[in-house]
K.L.:
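Take a look at the following structure, please.
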Amino acid sequence: MGIFDSPQDIQNSLLEWFRENGRYWIPWKLKKDGSVPRSGESISPYGIWIAEVMLQQTQLKVVIPYWKKWMKCFPTLSYLAEADLENLLMIWQGLGYYSRAKRIHQSSKILVEFVGKNRDQDPDSWPNQIDKWMSLPGIGRSTAGSIISSAFDLPTPILDGNVKRILSRLLAIERKSIRDERKLWEFSSLLIERQSPRDFNQALMDLGAIICTPKNPSCSSCPLQNFCVAYTKYDPEDFPKKEMTKIKPLQEIGIGLVFNQKGELLIDQRLENSSMGGMWEFPGGKKIPNESIVKTIERELKEELGIVVNVGEKLLSFEHAYTHKRLNFTVHICAWISGQPKPLASQKLLWVSPDKLFDFPFPAANTKIISELHKHLCIGNKNL
DNA sequence: CAAACGTGGCA
DNA sequence: TTGCCAAGTTT
């Protein structure tokens with residue numbers, strides 16, 4: 001018995017499992033009895049769109065509190081489309097992949113046109129075609145499929161990490177070639193249940209999260225056990241084949257906390273098109289071989305701000321791992337000596353009082369610095 | 001098309 | 001503690 005011979009058996013087994021074990025408690029999803037979530041939460045194309053973007057490469061557990069905060073601050077598409085990017089980034093702070101917030105911001109303007117002014121409360125006004133959704137920045141085929149199946153209950157296939165893993169195992173497809181990728185999309189399309197595609201896609205994702213996990217899959221309680229070639233003939237953990245892990249290079253970074261006479265601190269806003277664009281940070285940069293970190297800070301602040309500083313005591317140093325590199329930050333307190341600061345390598349500069357730092361969106365490495373600085377200055381701040 | 005891209009949870 | 005990796009998309 002295989003997936004080709006018995007798509008209906010697979011559908012039935014999976015949906016039956018879902019009715020018992022599905023994660024109906026996910027805030028933006030319909031409840032088991034078909035009712036909408038309790039008040040304060042909503043089932044809407046809007047809420048589902050935001051959730052699906054937040055969920056890109058991000059665990060459900062991490063997303064939920066961010067989604068709730070977001071829906072409170074930007075309850076509708078109209079609110080969102082009027083909001084400033086910086087307010088979006090404030091909510092997104094800590095969630096990672098900040099370009100997603102920027103693309104949501106861009107998409108909101110386009111969606112207002114698609115949906116029509118003041119029509120965003122009516123789900124029927126929202127687009128339900130794959131092409132429309134995929135035309136939006138930050139939305140690819142899988143996210144579009146999730147949104148459409150979840151919001152409109154239309155049979156649109158998805159292929160996220162969960163579904164890739166499940167289908168790879170069902171079919172014992174090992175390699176991650178472009179051809180295999182196409183095959184997996186075909187199976188996702190072939191398999192999708194026509195009567196309740198919303199539940200079917202959610203069932204796939206829930207199975208991937210609960211049973212068909214990357215490590216130690218619970219094959220003994222899997223409703224698809226009998227259909228699974230990887231289980232029957234091989235070791236499910238070998239599918240899909242893992243990527244070679246690359247070594248992340250380690251770089252030394254010197255950061256200067258520059259104070260003026262008023263006790264204000266110099267921060268800069270990252271260039272819009274750089275990584276973490278639009279986020280704020282403390283100025284600094286990469287150490288050159290054979291350069292002291294103090295010299296690095298002096299040089300970088302001269303190059304990027306056009307100022308001369310006196311590098312003082314070290315506040316802290318720590319390592320922060322990004323996707324493709326590791327950075328070792330060394331942070332020194334600095335005194336501003338001369339030169340009017342200019343945003344030579346950033347889009348904006350600001351002198352701010354240390355207790356106002358939490359009004360700006362900072363990436364995680366910088367919040368570590370802020371937290372240490374506040375300890376150093378004995379500022380009690382429960383927000384950080 | 002291979003590489004880039006943030007972070008926190010978890011073993 | 002260190003390393004893996006999660007509801008992917010873009011360039």
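The chains referred to below are lettered A, B, ... by the order of the sequence lines, with proteins before strands, and numbering in each begins at 1. Heavy-atom basis, side chains included; hydrogens, waters and symmetry copies ignored.
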K.L.:
Touch check for A:Leu327, heavy atoms < 4.0 angstrom, all strands: base, sugar-phosphate only, or nothing?
P.N.:
nothing
K.L.:
Tell me which nucleotide among C:dG8, C:dA7, C:dC4 gets nearest to the side chain of A:Arg165.
P.N.:
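Shortest atom-to-atom distance from the side chain points to C:dA7.
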K.L.:
Do A:Arg23 and C:dA7 have a side chain to base donor-acceptor pair shorter than 3.5 Å?
P.N.:
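Under the 3.5 Å cut-off, the side chain and the base do form a donor-acceptor pair.
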K.L.:
Across the strands shown, which category fits A:Gln202 at heavy-atom distances under 4.0 angstrom: base, sugar-phosphate, nothing?
P.N.:
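A:Gln202: base contact, heavy atoms under 4.0 Å.
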K.L.:
Under 4.0 Å from a heavy atom of chain A: give me the 5'-most and 3'-most nucleotides of DNA chain B that qualify.
P.N.:
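So the outermost contacting nucleotides come out as B:dA3 to B:dC10.
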K.L.:
Could you work out the separation of C:dA7 and B:dA2 based on their P atoms and round it to a whole Å?
P.N.:
23 Å
K.L.:
A side-chain contact here means heavy atoms from C-beta on lying under 4.5 Å apart; do A:Asn216 and A:Glu237 qualify?
P.N.:
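A side-chain contact under 4.5 Å exists here.
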K.L.:
Following the transitive rule for hydrophobic clusters with a side-chain heavy-atom cut-off under 4.5 Å over Ile, Leu, Val, Met, Phe, Trp and Tyr, establish whether A:Tyr97 and A:Trp280 coincide in one cluster.
P.N.:
no
K.L.:
Check the orientation of A:Trp126 and A:Trp49. Use parallel for under 30°, tilted for 30 to 60°, and perpendicular for over 60°.
P.N.:
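Rings of A:Trp126 and A:Trp49: tilted, as their planes differ by 30° to 60°.
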K.L.:
Within residues 267-276 of chain A, which residues have any heavy atom lying less than 4.0 Å from an atom of DNA chain B?
P.N.:
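Under 4.0 Å from DNA chain B: A:Ser275, A:Met276.
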K.L.:
Hey, does A:Thr143 reach any base, or is it just sugar-phosphate, or nothing, if we go heavy atoms under 4.0 Å?
P.N.:
sugar-phosphate
K.L.:
By nearest atom, which of the nucleotides C:dA6, C:dC5, C:dA7 is closest to the A:Pro214 side chain?
P.N.:
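Nearest to the side chain of A:Pro214 among the choices is C:dA6.
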K.L.:
Does A:Ala321 reach a base, just sugar-phosphate, or nothing at all? Heavy atoms under 4.0 Å.
P.N.:
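Result for A:Ala321 = base.
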K.L.:
Applying the side chain to side chain donor-acceptor pair (under 3.5 Å) criterion to A:His320, which one of A:Lys325, A:Lys368, A:Arg326 satisfies it?
P.N.:
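Exactly one candidate clears the test, A:Lys368.
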K.L.:
Please tell me which of A:Trp185 and A:Lys215 maps to the more 5' nucleotide of DNA chain C, matching each residue to the nucleotide holding its nearest heavy atom.
P.N.:
A:Lys215
K.L.:
Please determine whether a side-chain nitrogen or oxygen atom of A:Gln56 lies at a distance below 4.0 Å from atom OP1 or OP2 of C:dG8.
P.N.:
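Answer is no, no contact under 4.0 Å.
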K.L.:
On DNA chain B, check which nucleotide each of A:Ser99 and A:Val62 is closest to and give me the residue with the more 5' one.
P.N.:
A:Ser99
K.L.:
Measure the shortest side-chain to side-chain distance between A:Asn162 and A:Cys212 over non-hydrogen atoms and say whether it is less than 4.5 angstrom.
P.N.:
no
K.L.:
Looking at side-chain heavy atoms only, is the closest gap between A:Phe282 and A:Ile370 below 4.5 Å?
P.N.:
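A side-chain contact under 4.5 Å exists here.
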K.L.:
Does the distance from a Lys or Arg side-chain N to an Asp or Glu carboxylate O, for A:Lys375 and A:Glu372, drop under 4.0 Å?
P.N.:
yes
K.L.:
CH2/A:Trp17 to CG/A:Leu15 distance, rounded to the nearest 0.5 angstrom?
P.N.:
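A:Trp17 atom CH2 to A:Leu15 atom CG measures 11.0 Å (nearest 0.5 Å).
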K.L.:
With nearest nucleotide decided by heavy atoms, which residue, A:Lys61 or A:Met279, maps closer to the 5′ end of DNA chain B?
P.N.:
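Checking each residue's closest nucleotide, the 5'-ward one belongs to A:Met279.
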K.L.:
Can you find a heavy atom in the side chain of A:Trp28 that is under 4.5 Å from one in the side chain of A:Ile26?
P.N.:
yes
